[in-house]
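Have a look at the structure below before the remarks.
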Amino acid sequence: MQKKIEVFKTIETLRAGVKQVKSKGLRLGLVPTMGFLHEGHLSLVELAQQHSDQVFVSIFVNPAQFNDRGDLERYPVDIPKDIERLAERGVAAVFNPTPEMIYGPHFQSWVTVSELADTWEGADRPGHFKGVATVVSILFNLLQPDVAVFGEKDFQQLRIIERMVVDLKFGIDIVRGPLIREQDGLAMSSRNTFLTSEQRATALAINQGLYRAREAFDKGEREAKRLVALALEQLEGEAHVKIHYMSVVDEEMLQEVDQAQDSGTRILAAVEVGGIRLIDNISLVA
Ligand code: AMP
């Protein structure tokens, strides 16, 4: 039988709900999302459940992290279906605020994480991570979770949150959720819904390239240039494809390296297919 799920649409009801969990001495887990949930999100819910007693999921399409208005307006939404799926998975509550509740009149207080947020997605999407760090800080303040789960799909975002939690002493455990893929290997993303079947087939070259690079790494290749060249081989020359970056980076500060190490190195990729920005990454561990 489906369990009852609470849906908080105001800050006051949310605070009361959080208080109730805390008063019972239960450990609260948070999974922040922008909704249009897929199995990648649900895997984070499951992880959160393993690390806490009650899981709250926030669904908020955060305008502050969109530098492109069209992208924000197009972002897919299906709140009733999301709630149904979360209820089926035993989530205790959903927090679904409006932008006005999160960003009150004359909002001025932004959280910026330097360096880590200036490269890759941050370089291509100015202000994006300022929006992310700010909304996550607000959610942390509102929900006071003991643990929060973020996906490795957005590896740079994950590192920024981890950095911020340490630097600003939030005292929240951050759990990393592995990147979940479709059966054919494409990284699951709410944005995949925009791909035509032809674009989707093209997009597979991203994950195939990453896996090819990892195979080479497994066989001993450490030269970043060669790993990247292998990862890009299938993508280059494809029509309607724009490669934003494909880079071998250290996992701590996400700086580009010339040589992959036996551990602690990752390939980050952002590729536009038919105007849809897709990101993916793969960890290199010997
Ligand atoms: P979003 O709704 O895109 O803001 O994502 C919410 C959370 O789900 C973030 O922590 C993402 O990293 C995570 N996430 C999104 N897609 C995946 C995926 N394919 N595998 C694992 N986590 C994911």
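Both ligands and their constituent atoms are indexed starting at 1 by order of listing.
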Check this for me: does any side-chain nitrogen of one of Glu215 and Arg212 sit under 4.0 Å from a carboxylate oxygen of the other? no
Candidates Phe155, Phe36, Tyr75; heavy atom nearest atom 3 (O) of ligand 1 found on Tyr75
Under 6.0 Å between the ring centres of Tyr75 and Phe36?
no
Ranked by distance from atom 12 (O) of ligand 1, the top protein heavy atom is Asp154 OD2, 2.6 Å
*asked:* Let's go through Arg277 and Lys242 carefully: what are the C-alpha distance in whole Å and the side-chain angles of both, what is the deciding distance for side-chain contact (heavy atoms from CB on, under 4.5 Å) to 0.1 Å, and is it a yes or a no?
replied: CA-CA 9 Å; Arg277 189 187 178 89; Lys242 184 174 170 197; over 6 Å; no
Quick note on ligand 1: atoms under 4.0 Å from a heavy atom of Phe150 include exactly 10 (O)
Of Glu251, Arg266, Glu152, Gln156, the one forming a side-chain hydrogen bond (donor to acceptor under 3.5 Å, both in side chains) with Asn281 is Arg266
Atom 23 (C) of ligand 1 has as its nearest protein heavy atom Lys153 CB, 3.7 Å
Q | Proximity flag His38 to ligand 1, non-hydrogen atoms under 4.0 Å | A | yes
Practice item. Answer yes or no: does an N/O atom from Met34 fall short of 3.5 Å to an N/O atom of ligand 1? Key: yes
min-distance protein heavy atom vs atom 20 (N) of ligand 1 -> Ile180 N, 2.8 Å
The answer for which part of Pro32 has a heavy atom under 4.0 Å from ligand 1 is backbone
Under 4.0 Å between a side-chain nitrogen and a carboxylate oxygen: does that hold for Asp250 and Arg159?
no
A student checking ligand 1 against Leu179 at a 4.0 Å heavy-atom cut-off should list atoms 20 (N), 21 (C)
Query - Carboxylate-amine/guanidinium proximity below 4.0 Å for Arg191 and Asp71 - result: yes
I'd like to know if Asp280 pairs up with Lys153 as an ion pair, taking the criterion as any Lys NZ or Arg NE/NH1/NH2 lying under 4.0 Å from an Asp or Glu carboxylate oxygen. no
min-distance protein heavy atom vs atom 1 (P) of ligand 1 -> His41 NE2, 3.7 Å
Q. Charged N to carboxylate O under 4.0 angstrom, Glu84 versus Arg89?
A. no
Quick look: Ser190 vs ligand 1, heavy-atom contacts under 4.0 Å, and the answer is neither
Contact region, Leu44 to ligand 1, non-hydrogen atoms below 4.0 Å, reads side chain
(Q) Tell me if the centroids of the rings in Phe155 and Trp120 come within less than 6.0 Å of each other. (A) no
In this structure, atom 21 (C) of ligand 1 is nearest to the protein heavy atom Pro178 O, 3.3 Å
Please confirm whether Met188 comes within less than 3.5 Å of ligand 1 when only nitrogen or oxygen atoms on both sides are compared. yes
For atom 22 (N) of ligand 1, the closest protein heavy atom turns out to be Gly151 CA, 3.6 Å
Rounding to 0.5 Å, atoms CG (Leu204) and CD (Gln199) come to a distance of 12.5 Å
